[in-house]
Amino acid sequence: MRIATWNVNSLKIRLPRVEEWLMGRAPDVLMMQETKLADDSAPQMPFRMAGYELAHHGEGRWNGVAIASRVGLSDVSFGFDGRGPDVDGARFISAVCGGVQVISIYAPNGRALETPFYAAKLEWYARLGEWLERHADPNGDLVIGGDFNVAPADADVYDPAEYVGTTHTSAPERRGFQRLLDWGLVDAYRIHHPEGGRFTWWDYRAGNFHKGLGMRIDHLLVTRSVAERCVAAEIDRDARKGKLPSDHAPLWIDLD
DNA sequence: ATGGTCGCGCAGCGA
């Protein structure tokens with residue numbers, strides 16, 4: 001089973017690129033983030049035509065998460081409380097696909113240290129950790145994928161010095177991320193790629209992609225049982241190229 | 001060059 005995650009930065013404008021990518025990589029499950037759509041605008045038919053069911057949790061202009069699956073899509077829930085939009089945006093959707101609980105998340109950006117947005121990001125991470133402890137089983141088959149807006153290690157940014165005093169690499173953010181690993185999740189990409197300098201996001205500005213100035217902030221975190229089945233993990237850097245790309249590249253894993 | 005690019009939606013914010 002191939003499971004992927006991609007921050008598409010507007011599913012409306014990105015739909016042709018997503019359809020093209022689905023044809024090429026043929027994932028069984030695709031988690032998406034920043035769809036920027038309301039639920040009634042979610043492109044159900046294009047996904048159905050491509051062979052996928054689509055579950056979407058959005059509010060419109062901002063945020064928005066989704067799961068597309070061609071191996072079943074059941075037990076869909078939205079937000080930490082299992083119901084309507086989260087207090088700070090549509091950032092969490094869970095479903096069961098092919099016997100695996102799949103959770104697509106879009107962590108708050110945090111904007112800048114010493115702002116309420118940064119404090120809200122840390123609080124959101126705390127709530128995600130609590131949700132896992134209360135509602136999930138570290139011995140089950142579970143994948144949390146998405147845009148975590150955290151680069152877990154210095155090897156996950158092009159130059160750690162450039163990020164001193166900014167978000168995405170601060171110690172409290174990394175502690176929030178580490179709590180997920182401590183609960184029982186494994187960074188599936190890291191298993192197969194211990195090397196640094198592999199990124200999933202590059203700023204649109206100043207030709208940063210072509211200069212290699214990026215961060216690894218999109219992740220697929222899996223429970224032990226899933227990690228044992230994981231035989232490959234890749235970032236599709238080519239999807240960041242060409243016409244109307246997202247600023248994020250897709251990330252995928254293969255399970256035996 | 002002291003900014004640089006997108007997306008949303010139509011000004012200016014968020015990333």
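Here the structure is a predicted model, which means the values were calculated and not measured. Residue numbers begin at 1 in each chain, while the letters A, B, ... track the order of the sequences.
- Using atom P as the reference point in both B:dG3 and B:dC8, the two lie 27 Å apart (nearest Å).
- B:dC6 sits 16 Å from B:dA11 when the C1' atoms are compared, rounded to a whole Å.
- Legend: residues meeting side-chain contact (heavy atoms from CB on, under 4.5 Å) with A:Arg25, ordered by chain and number and at least two apart, are A:Arg2, A:Trp21, A:Pro27, A:Asp236, A:Trp252.
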Could you tabulate the donor-acceptor pairs under 3.5 Å formed by side-chain atoms of residues 102-113 of chain A, not counting sequence neighbours?
from     : atom 1 : to       : atom 2 : distance (Å)
A:Ser104 : OG     : A:Met32  : O      : 3.0
A:Ser104 : OG     : A:Gln33  : NE2    : 3.1
A:Ser104 : OG     : A:Ala66  : O      : 3.4
A:Tyr106 : OH     : A:Glu34  : OE1    : 3.4
A:Tyr106 : OH     : A:Glu34  : OE2    : 3.3
A:Asn109 : OD1    : A:Arg111 : N      : 2.7

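- Checked against salt bridge (Lys or Arg N to Asp or Glu O under 4.0 Å), A:Glu162 has no partners two or more places apart in sequence or in another chain.
- A distance of about 15 Å separates the P atoms of B:dC13 and B:dG4, rounded to the whole Å.
- B:dG9 and B:dG14 have their C1' atoms separated by 13 Å, given to the nearest Å.
- The stretch residues 38-48 of chain A participates, sequence neighbours left out, in these side-chain hydrogen bond (donor to acceptor under 3.5 Å, both in side chains) pairs: A:Asp39-A:His56.
- In this structure, A:Met45 shares a hydrophobic cluster with A:Met49, the cluster being traced through Ile, Leu, Val, Met, Phe, Trp and Tyr side chains under 4.5 angstrom apart.
- Checked for salt-bridge contact, A:Glu130 and A:Arg127 miss the test: no charged N lies under 4.0 Å from a carboxylate O.
- In terms of position along DNA chain B, the nucleotide closest to A:Lys211 lies nearer the 5' end than the nucleotide closest to the other residue of the pair A:Lys211 and A:Gly60.
- Partners of A:Asp247 by side-chain contact (heavy atoms from CB on, under 4.5 Å), not counting sequence neighbours, listed by chain and number: A:Asn9, A:Trp201, A:Tyr204, A:Arg240.
- With contacts defined as side-chain heavy-atom distances shorter than 4.5 Å, the pair A:Leu185/A:Thr223 qualifies.
- The same atom, P, is picked in B:dA1 and in B:dG7; the two are 29 Å apart, to the nearest Å.
- Under the rule for a salt bridge (Lys or Arg N to Asp or Glu O under 4.0 Å), the partners of A:Asp154 that lie at least two apart in sequence or sit in another chain are A:Arg174.
- Nearest-nucleotide mapping onto DNA chain B: of A:Asn149 and A:Lys36, the residue sitting toward the 5' end is A:Lys36.
- Scanning residues 7-18 of chain A for heavy-atom distances under 4.0 Å to DNA chain B yields A:Asn9, A:Ser10, A:Ile13, A:Arg14.
- The side-chain hydrogen bond (donor to acceptor under 3.5 Å, both in side chains) contacts involving residues 139-150 of chain A comprise A:Asn7-A:Asp147, A:Asp141-A:Ser225, A:Asn149-A:His168, where partners must be two or more places apart or lie in separate chains.
- Under the salt bridge (Lys or Arg N to Asp or Glu O under 4.0 Å) criterion, A:Glu114 pairs with no residue at all, not counting sequence neighbours.
- Using a 4.0 Å cutoff on non-hydrogen atoms, the parts of residues 108-118 of chain A near DNA chain B are A:Asn109, A:Arg111, ordered by number.
- Chain A approaches DNA chain B within less than 4.0 angstrom (heavy atoms of the protein), and the contacting nucleotides run 5' to 3' from B:dG4 to B:dA15.
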